[in-house]
Amino acid sequence: MNSEQSVQVIGIDLGGTAIKLGRFAADGTCYESLTVPTPQLATPEAVLATLVEAIAQIRENVNSIRAIGLGTPGPVDGTGKIAKVAINLAGWRDVPLGLRLEEKTGLPVILANDANCAGLGEAWLGAGRRFQNLILLTLGTGVGGAIILNGELFVGHQGAAGELGLISINFDGPVCNSGNRGSLEQYTSVQAIRRDTGLEPAELAEKALAGDENAIAYWQQYGKLLGIGLASLIYVLTPQAVILGGGISAGADLFLPSLKAELEERVLLICREGLEILIAELGNQAGMIGAAKLAFQKFVKLENQIDS
């Protein structure tokens with residue numbers, strides 16, 4: 001069978017400023033990709049129209065596309081059809097985006113949180129491809145997460161599992177938007193670094209690399225706090241790997257030593273034996289790639305395809 005005629009899916013990453021689309025084969029080959037601006041103002045109707053137009057463009061003259069996976073910046077419902085909320089998008093609450101896209105395109109559609117898609121993407125083609133059980137933490141403006149169990153994305157019965165950044169590491173810490181206090185996100189996100197230092201993570205990293213003792217000490221404490229949060233997650237999930245993504249992960253060399261030391265102190269050897277702490281490899285393509293993988297897993301029978 002000609003590879004261009006093999007079963008394909010479309011993976012989409014819906015962001016606040018850009019929408020990324022890719023047309024993928026079951027072995028991960030991306031035959032075509034496309035990036036279009038997210039409409040401003042990004043109402044559900046405007047985003048739907050943009051998605052339909054972009055899908056038609058990437059689908060033109062291709063008859064082998066069987067499904068669409070789409071990552072959204074917020075939680076989705078347990079059916080994978082409704083965007084419950086979308087961060088940084090106007091007027092998004094309980095938007096039946098999957099159902100609307102199915103009506104417009106005639107293809108089955110599955111939605112997932114963007115961090116979940118990034119985790120699935122890393123598990124498929126990125127840093128986690130050697131593992132069946134892993135967790136991803138995205139260290140960015142907030143702290144997102146994803147859980148991959150036996151090669152499959154775990155989202156729980158309501159579709160909202162994997163909010164790893166919202167676990168508590170200090171019962172009386174800063175209040176989180178979730179209503180929690182002292183969540184991991186309140187100590188390890190970009191916003192936390194800005195609050196504590198008045199600097200962007202890249203600026204703080206530059207200071208540390210230049211020998212600034214206060215910056216070095218901050219990153220050491222950062223690694224300790226991240227390790228405390230990961231210790232709880234490792235005890236619950238005993239993953240083969242923890243993958244760190246998001247912008248802050250670019251400075252991982254500054255905090256990985258203290259993170260690993262914290263895990264060695266807090267986590268029983270049997271629960272972390274063979275555990276690898278890795279940096280994400282796919283960058284801002286991870287969400288689109290993971291959305292495609294989700295579509296394959298949900299809708300496409302792969303008896304005659306390569307499922308890797």
Side-chain angles (χ1 to χ4, degrees), residues 8-15 18-35 51 55 58 65-76 80-81 83 86-87 97-98 101 108-140 143-156 159-165 239-246 249 278-300 302 305-308:
Q8 298 173 34
V9 302
I10 295 173
I12 304 174
D13 181 20
L14 170 59
I19 302 171
K20 304 180 191 69
L21 303 90
R23 180 164 58 84
F24 291 87
D27 65 354
T29 300
C30 182
Y31 290 127
E32 184 180 1
S33 62
L34 173 68
T35 300
L51 284 169
I55 290 167
I58 205 169
I65 296 171
R66 296 291 179 264
I68 297 170
L70 195 157
T72 70
V76 304
K81 302 295 184 184
I87 310 303
L97 182 61
L101 270 182
V109 176
I110 181 74
L111 309 182
N113 172 275
D114 53 4
N116 284 338
C117 287
L120 196 56
E122 289 290 341
W124 186 22
L125 300 178
R129 58 189 174 274
R130 294 182 287 118
F131 311 103
Q132 285 291 296
N133 298 283
L134 61 91
I135 60 177
L136 170 83
L137 278 182
T138 56
L139 306 171
V143 175
I147 301 168
I148 308 297
L149 298 178
N150 298 318
E152 302 260 334
L153 181 65
F154 176 75
V155 297
E163 292 291 349
L164 307 184
Q240 296 166 284
V242 172
I243 299 173
L244 303 177
S249 67
L278 304 168
I279 305 305
E281 296 178 357
L282 300 179
N284 62 13
Q285 302 300 303
M288 175 181 73
I289 292 168
K293 181 63 172 178
L294 190 63
F296 273 120
Q297 289 183 334
K298 181 70 175 179
F299 297 119
V300 181
L302 299 177
Q305 302 293 323
I306 300 170
D307 187 11
S308 59

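Just so it is clear, the values below take in all heavy atoms, side chains as well, and ignore hydrogens, waters and symmetry mates.
You'll find the side chain of Leu21 stays beyond 4.5 Å of the side chain of Ser33, heavy atoms only. Residues Gln8 and Tyr31 have side chains in contact (heavy-atom distance under 4.5 Å, counting atoms from C-beta outward). Residues Leu14 and Asp114 have side chains not in contact (no heavy-atom distance under 4.5 Å, counting atoms from C-beta outward). You'll find the side chain of Thr72 stays beyond 4.5 Å of the side chain of Asp13, heavy atoms only.
Pairing each heavy atom of Gly245 with each of Ser249, the nearest pair is C-OG, 3.5 Å. Of all heavy-atom pairs spanning Ile68 and Ala295, the tightest one is C-CB, 3.8 Å. Shown here for Ala146 and Ala115, the closest heavy-atom pair between the two residues is CB-O, 3.4 Å. Between Ala286 and Glu122, the shortest heavy-atom distance links the atoms CB-OE2, 4.1 Å. Taking both residues in full, the closest heavy atoms of Ala127 and Ala280 are given as CB-CA, 4.3 Å, listed atom of the first, atom of the second, then distance.
Annotation: the span from Leu51 atom CG to Leu70 atom CG amounts to 6.0 Å, rounded to 0.5 Å. Here CD1 of Ile110 is found 9.0 Å from SG of Cys117. Values are rounded to the nearest 0.5 Å. Put simply, CD on Glu152 and NZ on Lys293 are 8.5 Å apart, with the number rounded to the nearest 0.5 Å. In this structure, Leu153 CG and Ile148 CD1 are separated by 5.0 Å, a value rounded to the nearest 0.5 Å. Note: Leu282 CG to Ile289 CD1 = 4.5 Å, rounded to the nearest 0.5 Å. Within the model, atoms CG of Leu34 and CD1 of Ile58 stand 5.5 Å from one another, a figure rounded to the nearest 0.5 Å.
Ring orientation note: the planes of Phe24 and Trp124 are tilted relative to one another, at an angle of 30° to 60°.
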Requested in this report: Test side-chain contact (heavy atoms from CB on, under 4.5 Å) on Leu164 and Ile135 and set out the steps.
Outcome: CA-CA 9 Å; Leu164 307 184; Ile135 60 177; 4.2 Å; yes
Requested in this report: Would you sort out whether Lys20 and Ile12 count as a side-chain contact (heavy atoms from CB on, under 4.5 Å), showing the intermediate values?
Outcome: CA-CA 6 Å; Lys20 304 180 191 69; Ile12 304 174; over 6 Å; no
Report task. Decide side-chain contact (heavy atoms from CB on, under 4.5 Å) for Val76 and Asn113; before the verdict, give the C-alpha distance in whole Å, the side-chain angles of both, and the deciding distance to 0.1 Å. Result -> CA-CA 6 Å; Val76 304; Asn113 172 275; 5.6 Å; no
Query raised in the report: Do Asn116 and Val155 pass the side-chain contact (heavy atoms from CB on, under 4.5 Å) test, and can you show the C-alpha distance, the side-chain angles, and the key distance before you say yes or no?
Result: CA-CA 8 Å; Asn116 284 338; Val155 297; 3.7 Å; yes
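Comment: Arg129 engages Glu281 in a salt bridge, judged by a side-chain N to carboxylate O separation of less than 4.0 angstrom.
None of Val242, Leu278, Ile243 except one satisfies the side chain to side chain contact (heavy atoms under 4.5 Å, CB included) rule with Leu134; the exception is Ile243.
Between the side chain of Gln240 and the backbone N or O of Gln132 there is at least one donor-acceptor pair closer than 3.5 Å.
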